[in-house]
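Contents: one structure, followed by commentary.
Read the numbers this way: they start at 1 and go in the same order the structure lists the ligands and their atoms. Keep in mind that what you see is a predicted model, and the values were worked out from it rather than measured.
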Amino acid sequence: MITSAENDLMCRVEGDAPMGSVMRHYWMVACLSEEIKESGGKPLRVGLIGKKYVAFRNTAGEAGFLDEKCSHRGASLALGRNEECGLTCLYHGWRTNVKGEIIDMPSEPEESGFRKKIKHNAYAVKEWAGVIWVYLGDQTEVPEFVPPAWAPTADTKVSIAKIRIPCNWAQVTEGALDSAHSSSLHSSDMVPSRVLEAEADESSWYRPSTDKNPKFRVEKTNYGYHYAAIRRPIKNASTHDYIRTSVFVAPMSVLIPPNKSYNVANVNVPIDDDNTMFHFIGWGENCPDQDAWCKFLSAEQGIDVDEKWISKRNIDNDFLQDRELMAEGNYTGIPGIPNQDIAMWITMGSVADRTEDTLGASDISIVEFRRCVLEQVNLMKSDPKEFSQQIYRKGVETILPSWQGVVPKGTDWTSLEGRSKVKMT
Ligand code: FES
Ligand SMILES: [Fe+2]
């Protein structure tokens with residue numbers, strides 16, 4: 001349980017909220033590259049941390065990220081013409097390039113020099129892993145882009161299911177860090193089975209345990225924390241443990257326990273206090289292709305989510321829960337692992353009231369997440385310089401990706417690593 005003030009401090013990001021400032025110190029996921037794939041194509045309105053921006057790919061193929069409102073009198077550049085290496089505002093024709101320079105201003109005499117005095121807010125952009133990344137902090141001190149732990153190299157295979165969720169980013173992130181729920185909520189999709197380790201096919205994930213009461217171990221790290229959920233395996237229960245590790249990479253990413261074939265991650269980008277752009281990511285050479293991934297997760301655009309990533313499942317239609325399916329043995333009546341999570345997150349309220357939580361031993365990771373986030377935001381408030389130095393120091397951030405497997409009892413879980421150790425330098 002935390003206080004109402006702590007809850008607001010942790011969750012709220014809009015305006016001058018300290019948590020929004022924390023997030024502006026990191027490179028953030030803005031949109032998918034394919035959403036602005038065409039040079040000179042339609043610009044995309046993007047909401048991030050309570051503000052509106054426009055992403056576009058100019059006629060020379062460069063990606064740009066600008067404040068949505070035109071510097072002149074605030075009309076939307078998302079409706080603008082994408083032409084001649086800039087976005088032309090429809091109202092009076094001011095054209096802004098990816099650097100924020102006004103490169104045409106037909107409403108003013110060129111000889112006045114007025115055009116050159118204006119600078120529109122433009123942000124540093126990086127394309128990586130099929131994603132447009134943006135840095136929203138001080139543009140005179142843009143930190144070097146560091147590849148995310150879920151796409152450590154430029155050629156990492158990545159598939160992303162994207163869903164816009166009408167609730168706060170923190171409860172979405174807590175959901176990804178809460179291993180205990182998978183044995184209940186996802187029990188029809190993560191099926192206990194006599195396998196040696198977690199396996200996956202196109203219909204289900206299989207896990208070698210029926211244990212719904214895992215034991216937890218947590219270790220703080222310089223990028224956030226990681227923890228292990230330790231369960232009794234179906235085979236060799238007297239001598240072995242089934243271990244699943246999860247990793248929180250501040251401020252909004254989680255490496256979820258993988259399966260034998262591929263890794264899984266999740267990035268929860270706040271659009272504002274009450275809306276989150278959720279990215280469910282499969283990565284690694286054997287991860288399903290993009291279309292198969294979205295199909296497996298019941299998150300196909302045009303079928304499950306619309307062109308703005310809004311799900312057809314919502315609180316007013318009870319997430320299209322199928323009670324007949326439940327009578328036949330399906331646990332939730334809601335297809336797709338993320339759709340099951342989303343139903344829980346949304347019904348917790350727009351910004352979950354954590355003053356009323358009743359936390360038990362299985363919630364140790366949730367407690368650690370709150371501690372970790374509040375520690376960051378309090379440091380940023382009290383000593384912004386030290387905060388910046390801490391998050392930008394180089395060469396120390398080695399992240400062991402999430403892991404799962406059956407190991408002899410007593411194995412040190414903190415150093416378990418699989419096929420892909422990620423060195424962050
Ligand atoms: S408001 Fe954009 S050019 Fe006038
Ligand atoms: Fe879940």
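Of all non-hydrogen atoms in Thr96 and Phe56, the two that sit nearest each other are O-CZ, 4.4 Å.
Side-chain contact check for Val46 versus Val54: every heavy-atom pair is 4.5 Å or farther apart.
Close contacts of ligand 1 with Tyr91, meaning ligand atoms under 4.0 Å from a residue heavy atom, involve 1 (S), 4 (Fe). Within the listing of ligand 1, atoms 1 (S), 2 (Fe), 3 (S), 4 (Fe) sit less than 4.0 angstrom from a heavy atom of His72.
Atom 4 (Fe) of ligand 1 has no N, O or S atom of Cys70 under 2.8 Å away, backbone or side chain. Residue contact annotation: Cys89 places an N/O/S atom under 2.8 Å from atom 2 (Fe) of ligand 1.
Vertex the Fe ion (ligand 2), arms ending at NE2 of His186 and NE2 of His181: the angle is 90° after rounding to 10 degrees.
The atom of Asp341 that is an N, O or S and sits closest to the Fe ion (ligand 2) is OD1. Of all the N, O or S atoms in His92, the one closest to atom 4 (Fe) of ligand 1 is ND1.
Using modelled atom types and a 3.5 Å distance limit, the side chains of Arg95 and Thr88 yield a donor-acceptor pair.
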*List the steps, then state whether side chain to side chain contact (heavy atoms under 4.5 Å, CB included) holds for Val158 with Trp283.*
CA-CA 4 Å; Val158 171; Trp283 62 282; 4.3 Å; yes
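Looking only at protein heavy atoms, the nearest one to atom 1 (S) of ligand 1 is Arg73 N, 3.4 Å.
By the 30° and 60° cut-offs, the orientation of the rings of Trp150 relative to Trp133 is parallel.
Under the 6.0 Å cut-off for aromatic ring centres, Trp293 and Phe280 qualify, their centroids lying closer than that.
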